[in-house]
Amino acid sequence: MCGIVGYIGDQQVYPILIKGLKRLEYRGYDSAGIAIFDQEIALHKCKGKVADLEAHAKNGSVSGTIGIGHTRWATHGLPNDVNAHPHFSDSKSIVMIHNGIIENYSALRKMLEKRGYAFRSETDSEVLLNLIEDVQKKEKVELDQAVRIALHEVVGAYAIVLFSKENPDRLIAAKKGSPLVIGVGEGEYFLASDATPIVEYTRNVVYLEDEEIAVIDRAQGLNIINIKNQKITPYLQEVELQLEELEKGGYEHFMLKEIYEQPRSIADSMRGRISVDGTTVALGGIKDYEQKLINARRIIMVACGTSWHAGLVGEYLFEDLARIPVEVEYASEFRYRNPVIYEDDVVIAISQSGETADTLAAIEMAKSKGATIIGICNVVGSSIARATHAGSYTHAGPEIGVASTKAFTAQVTVLTLMALSIGHKKGTLPTQRYQQLIRDLEQIPSKIEKVLKQNDKIKQLSDKFFQATNFLYLGRGYSFPVALEGALKLKEISYIHAEGYPAAEMKHGPIALIDEQMPVVVIAPKASFYEKVVSNIQEIKARKGIVIGVVSEGDKTVSEIADHIIEVPHTDEVLMPLISSVPLQLLSYHIALLRDCNVDQPRNLAKSVTVE
Ligand code: AGP
């Protein structure tokens, strides 16, 4: 997700844009830019942070009282000067910023190129801008009407702000799926992705709704129409939240915000990768390497920490759906143990930051031995993304909390899409089950919304266990990696020792730990081994252990024997990790809070481990 700002009024716009972008840098920070009008459009943009933009702009013209600004979280096109926003239209008469993903940008770009449009960047945003310019030329309409007509052609999410040199007394804004707030001052207007950059000037805001278009004119003020050209009455509200809270979107911590973002981030990781009729998966980033995956002798997942747990889910997915042997390697071990690697091996490197030193080194080692490297990263243009032959970004947006949450579920979503696509292409996944799983996958965001509604119940449960000194997490099959991830989440933010284990393995040692003090979280959804997990729970209860069961809604069996249960919506067991990991994120979050731990920046940890 990116940060966008705009202003029209009597003040000099440059300081307002720069300060606003700095307030929004938590939303994205790989490149930044501004466009200001004073006799002509002055556009300054560069790779890097807003501070780099300031250095870049100081030699240019920054005077003017209308302008737009953007701090980028790359989704299409590397983070560099050319792909930074704002973008000029082909004729350079319109300038625009965009936050979102235009799913059908490729088809639109081909159409516009046939009409003679040339593109300077690799971004989907520039495609949308030239579509608007094309409509304005063809229909001979005002810019706001050109925006309205063009948006009928667009599939995807957008929050855009634009203006033209033909009418520099008017800002146009539109949104669908990405946020856009309009601050209403005395004869001046502020636009931003959220209220953070606005509240120091005015607390009076209008939240633009999906498929609405705002026309902000020096003389006529704010007018809103919708995509059907119907006039909308602006609904003015007062912002209550304080600045610091706003940066966290009203949540107490980035980690909680990112846990709650998962319905959107999972939807974004699927966006543009499932056909509109919902019957086909298509991952553009690996299409030239799909045959390598189909013919792979073996897939080697390489990662660290939570990303390693996502790789473990990937092992179950690829072996189950695509019948390809999979090994999951800790990057730090893999890079040094002189592994046997064949040229028909495919390495899938998983990394949220794309900068983890061990994972990067493991990739280089595997590449030197001839393996094909596919990446699954969250940061576009990161070192790991650039070191791979191909890959798919997770599109989860910046993950600020050190404990990875939405990145994990986005990684698992991308791995699921890959395994579905490869399995079906290989013929190991029958069409009926393939399409059923696609339908089930599209339901996951709404099912996670239901899990999030249990936050208060999970918080109450945390009250009972925050003083525990040890936890055990157990799961079978697809729930085993979730047990490991749940234990890591608890460990890294509450500093309670926790261990994840295959449920059946408990009898081979850990059962000796079970007593009245030991909380045991058992992930026990209705799945292939449900009855066996029930037996494991009975073994724990026979030794006076305390069982917290994560179960499918309506479960009757575990609910009878466990001490506490957290019910989650049911889905196919293949997709269950996406759902069952969420209550464990909330459980660790609330326990850590009760222990007065620094949830977003736990002791000894860093968000990206760029050293060995
Ligand atoms: C996850 O909660 C941890 N912060 C950590 O294990 C992390 O997953 C690991 O360092 C790998 O980071 P990456 O995904 O950026 O490569």
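Both counts, for ligands and for their atoms, begin at 1 and track the order of listing.
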Candidate pair Tyr330 and Asp358, rule side-chain hydrogen bond (donor to acceptor under 3.5 Å, both in side chains), full reasoning = CA-CA 9 Å; Tyr330 283 113; Asp358 283 324; over 6 Å; no
Which atoms of ligand 1 sit under 4.0 Å from any heavy atom of [X]?
X: Glu492; answer: 1 (C), 2 (O), 3 (C), 4 (N)
X: Ala403; answer: 2 (O)
X: Ser307; answer: 8 (O), 13 (P), 14 (O)
X: Ser404; answer: 1 (C), 2 (O)

Should the pair [X]-[Y] be classified as a salt bridge under the 4.0 Å nitrogen-to-oxygen rule?
X: Lys406; Y: Glu399; answer: no
X: Asp81; Y: Lys47; answer: no
X: Lys257; Y: Glu252; answer: no

With a 4.0 Å cut-off on heavy atoms, does Val402 reach ligand 1?
->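 A heavy atom of Val402 does come that close to ligand 1.
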Note: Glu355, heavy atoms under 4.0 Å from ligand 1, region reported as neither
Select one of side chain, backbone, both or neither to describe which atoms of Thr356 lie under 4.0 Å from any atom of ligand 1, heavy atoms only.
->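 Side chain only.
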Mind checking whether Thr359 has an N or O less than 3.5 Å away from an N or O of ligand 1?
->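 N/O-N/O distance under 3.5 Å: no.
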Nitrogen or oxygen of Lys489 less than 3.5 angstrom from that of ligand 1 =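 Looking only at distances, the answer is yes, because the N/O contact criterion of under 3.5 Å is met.
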With Arg297 as the cation and Tyr342 as the aromatic partner, state whether NZ or CZ is under 6.0 Å from the six-membered ring centre and within 45° of the axis.
->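 Yes.
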Okay, side chain of Asn378, backbone of Ser353: is any donor-acceptor separation there less than 3.5 Å?
-> no
